[in-house]
Amino acid sequence: MSPSLEIAVRVGGAAAVFAVLALWEWLAPRRHLTVGRRPRWPGNLGILAIDIVAVRLLVPTAAVGVALIAAERGWGLFAMLGLPAWAAVVVGVIALDLVIYIQHVVFHHVPALWRLHRMHHADLDIDVTTGVRFHPLEILLSLAIKMAAVVIFGVPALAVLTFEVLLNATSMFNHTNVALPSWLEPIARWLVVTPQMHQVHHSIERAETDSNFGFNLPWWDRLFGTYRAKPSAGEQGVTIGLPIFRDVAELAIIRLLTQPFRNAR
Ligand SMILES: [Zn+2]
Ligand SMILES: [Zn+2]
């Protein structure tokens, strides 16, 4: 696949998903936002723009490029095991999801990494834009981890592209301020991380912040004992964010960028 086609697929797909989810949460919000969109969206979307530029400038080949090189040279566990191409794609997507889950747990428990990741948690509301609010240094670090996983496993380029398109879409979806129908939600959360499931992860209560780490597949949390059904204060009552960075001024883009390097003010 040509790099320009890859970019077109990713950008076009993500923009369409964003538009649909933004419309959905505007028409049928699950919760009343405490600070709303206006103070938050410029910062969150500005961070997205910086992340896109940082990744494209510093790592133009990205993870798909590494997958193509690995395939050409026969690198990785899947090649060693002689996995058929279709199986390598399926197992590759699942393996990358497990890697991202483990990475997320590690980012919560290693203090220096938590400083990068907590910017995502400092949002005072959660909506579709929270799903793209990650510090550029976290994005670059997570890209490096993903590239290492691609080489170690020998994940095919198709699996990498599928995973990235899926992760962009599900990350936006599980932050969207919507509620799935009450009959559907308990079934859906066995297949994909739902917005109600990920809401627990944004609770101000640390034990709840340290649960529901999954982004795509909800199984890892159930398997490794990090699953929590709902926040103790309830879906409507839960306070979103962290005990620090609660000032509305912290939603400005310059503050978001500097949060890893300072406390409170
Ligand atoms: Zn987190
Ligand atoms: Zn989140």
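Order of appearance sets the numbers: ligands from 1, and atoms from 1 within every ligand.
For Glu250 and Arg246, the salt-bridge test fails: no basic side-chain N is under 4.0 Å from an acidic carboxylate O. Look at Lys146 and Glu164 and you find a salt bridge, because one of the NZ, NE, NH1 or NH2 atoms lies within 4.0 Å of a carboxylate O, short of that distance.
Distances shorter than 2.8 Å separate the Zn ion (ligand 1) from the protein N/O/S atoms His104 NE2, His108 NE2, His117 NE2, His121 NE2, His201 NE2.
Scanning for side-chain contact (heavy atoms from CB on, under 4.5 Å) contacts around Val248 gives Val35, Pro39, Leu251, with sequence neighbours left out.
Within the model, atoms CZ of Arg133 and CG of Asp127 stand 10.5 Å from one another, a figure rounded to the nearest 0.5 Å.
Remark: at the Zn ion (ligand 2), atom NE2 from His175 and atom NE2 from His202 enclose 100°, rounded to the nearest 10 degrees.
Less than 6.0 angstrom separates the ring centroid of His104 from the ring centroid of His201. You'll find the ring centres of Trp114 and His109 outside the 6.0 Å limit.
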